[in-house]
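This report concerns only the one structure given below.
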Amino acid sequence: MKNGNNDEQIFVTTPLLPSIADLQPYLEDIWKRKWITNNGHYHAELEKALSEYLGVPYLSLFTNGTLPLITALQALNVTGEVITTPFSFVATSHAIWWNRLTPVFVDIDPETGDLDPDKIEAAITDKTSAIMPVHVYGNPCDSERIRRIADAHGLKVIYDAAHAFGVRVNGSSVLLEGDMATLSFHATKTYNTIEGGALVCRDAETKRRIDRIKDFGIDSETSVIEPGINGKFDEVRAAYGLLNLKGIDAAIAHRKGVAQKYRAALSGVPGITLFRERKDVTYNYSYFPIFVDGDAYGTTRDGLYEALKAKGIFARRYFYPLISEFSTYRGLQSADPAHLPIASRMSAQVLCLPIHHQISEADIDRILSVVISK
Ligand code: T4K
């Protein structure tokens, strides 16, 4: 699609797609088998392939990335209050709300955008039973400190790792941290199955329980033993997911090149801050957030967002507003912006530049020319 200047529009992301020709034989096989959802042949293949690729022992596929969050809270019998971050996509807190639990917002670390471990303990009350941190943009949380705090207070930890597909610290998957971790395979994610997600757990018995919860709590033809939900994943998307797994390394490598080019060009620009890249982390380059200090940069974040849009470049303000600013949550005591100064500042300054596996050098130059010249 072209804009008024006859330039191609550039979106914040564009989905990784398998070729239709590659999908065709899978579709024919699925049609032949006539088993199209609920634990089918390709479902099993994809669970195995993803477990191997991600380096995790037990992974259950779900029909999106929100249901694993809701299910994890159920499976771990979480009650009362859950400490979480306001600097995330709203699904993180909605999952808590849907379990009739109360999210308690804690401020974030400016170095990563993740929950600040220094601020967690002050938020723990006798009602707290879990922590739900987010590896935002794929930046790993300080899992070691979070684990120590959780252990000291007997809390469960569920990582929302929706952005952290393939992210590793010293070679070990971030999905291995906490009691459980969730993934999103939405079209806008680095790895996608159109819609989809997964829940990673630690043992076979828990996986069996998760698999039962995502199938209505059905234990046998005549027995339903708990209030489950429909989180099932179909065969067509499983086949699509298997094919996309073949292209994921090349897609991430391309994203890395884009990130390097942005980083080299933007590092010295007054008023623009980037996250520091850690040497011990294998990133997936799922987002490229920049933080715009309007005074030093000469234009506000929203001014830059509009200037890009006028040129057909659709950057996104992930995550603005904060979750704690939405009507469902703003009445909570922990939603008071005075308790969330870092999150409030970062949310007001953040702009995620387009990054995906198909962005060309010319696209990057077009984007950078707006950001650098305004
Ligand atoms: N936890 C976290 C931390 C999350 O970020 C998310 C989801 C979840 C949990 C829940 O996982 P899911 O239940 O969604 O699996 C998007 C996504 O809907 C959402 O999945 C994602 N996070 C969130 C960060 O972003 P939007 O409304 O900003 O995306 P949308 O549809 O406007 O798409 C953005 C751009 O991507 C479009 O302008 C163009 C491009 N696009 C999008 C789609 C859907 C395409 O080119 N093709 C497409 O099919 O929310």
Side-chain angles (χ1 to χ4, degrees), residues 1 3 8-18 60-73 82 84-99 103 105 108 112-115 132-141 158-165 167 174-175 178 180-200 214 229-233 237 240-241 244 251 255 284 286-289 305 308-309 312-323 326 343 347 350-359 363:
M1 225 190 302
N3 69 3
E8 281 294 333
Q9 298 190 332
I10 305 175
F11 293 103
V12 69
T13 190
T14 197
L16 180 65
L17 288 166
S60 296
L61 286 167
F62 276 76
T63 196
N64 59 51
T66 303
L67 283 167
L69 288 167
I70 293 175
T71 302
L73 291 160
V82 180
T84 191
T85 168
F87 192 62
S88 179
F89 186 60
V90 74
T92 313
S93 285
H94 279 355
I96 297 170
W97 200 260
W98 270 61
N99 276 281
F105 298 111
I108 58 175
T112 58
D114 295 332
L115 209 52
M132 187 176 272
V134 179
H135 301 294
V136 75
Y137 312 124
N139 286 346
C141 291
I158 300 156
Y159 281 98
D160 179 341
H163 304 170
F165 185 90
V167 173
V174 294
L175 302 170
M180 292 186 190
T182 70
L183 287 161
S184 163
F185 305 147
H186 181 256
T188 55
K189 296 294 189 287
T190 303
Y191 169 80
N192 85 87
T193 58
I194 305 178
E195 294 276 354
L199 181 47
V200 172
K214 83 171 188 193
I229 199 159
N230 184 356
K232 296 191 276 21
F233 191 76
R237 283 185 288 158
Y240 175 111
N244 259 357
R255 283 169 173 273
N284 64 8
S286 50
Y287 297 88
F288 196 87
Y305 166 81
L308 286 162
K309 206 158 136 188
I313 299 161
F314 298 91
R316 292 299 281 263
R317 288 164 289 190
Y318 296 132
F319 290 97
Y320 166 82
L322 292 175
I323 300 175
F326 292 127
S347 173
V350 72
L351 192 62
C352 287
L353 298 182
I355 185 163
H356 57 78
H357 64 292
Q358 279 180 336
I359 287 199
D363 292 337

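Order of listing sets the numbers, starting from 1, for every ligand and every atom in it.
H163 pairs by the ring pair (Phe, Tyr, Trp, His ring centres under 6.0 Å) definition with Y287, F319, not counting sequence neighbours. Looking at residues two or more places apart in sequence or on another chain, you find a side chain to side chain contact (heavy atoms under 4.5 Å, CB included) between S347 and F87, Y320, L322. By the ring pair (Phe, Tyr, Trp, His ring centres under 6.0 Å) test, H94 pairs with Y329, sequence neighbours left out.
K189 forms no cation-pi arrangement with F165, by the criterion of a distance under 6.0 Å to the ring centre and an angle within 45° of the ring axis.
Looking at T63 and R237, their side chains come closer than 4.5 Å, going by heavy atoms from C-beta outward.
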Practice prompt. Would you check, one step at a time, whether the test side chain to side chain donor-acceptor pair (under 3.5 Å) holds for S184 with H186?
Written response: CA-CA 6 Å; S184 163; H186 181 256; 5.7 Å; no

Starting from the N and O atoms of ligand 1, collect every protein N/O partner closer than 3.5 Å and put each pair on its own line with the distance to 0.1 Å.
unit_1	atom_1	unit_2	atom_2	d
ligand 1	1 (N)	D160	OD1	3.3
ligand 1	1 (N)	D160	OD2	2.7
ligand 1	5 (O)	H163	NE2	2.7
ligand 1	11 (O)	S184	OG	3.4
ligand 1	13 (O)	G65	N	3.2
ligand 1	13 (O)	T66	N	3.1
ligand 1	13 (O)	T66	OG1	2.6
ligand 1	15 (O)	G65	N	2.8
ligand 1	15 (O)	S184	OG	2.7
ligand 1	20 (O)	H186	ND1	3.3
ligand 1	20 (O)	K189	NZ	3.3
ligand 1	22 (N)	K189	NZ	2.8
ligand 1	28 (O)	R316	NH2	2.8
ligand 1	28 (O)	Y318	OH	2.6
ligand 1	32 (O)	R316	NH1	3.1
ligand 1	32 (O)	R316	NH2	3.4

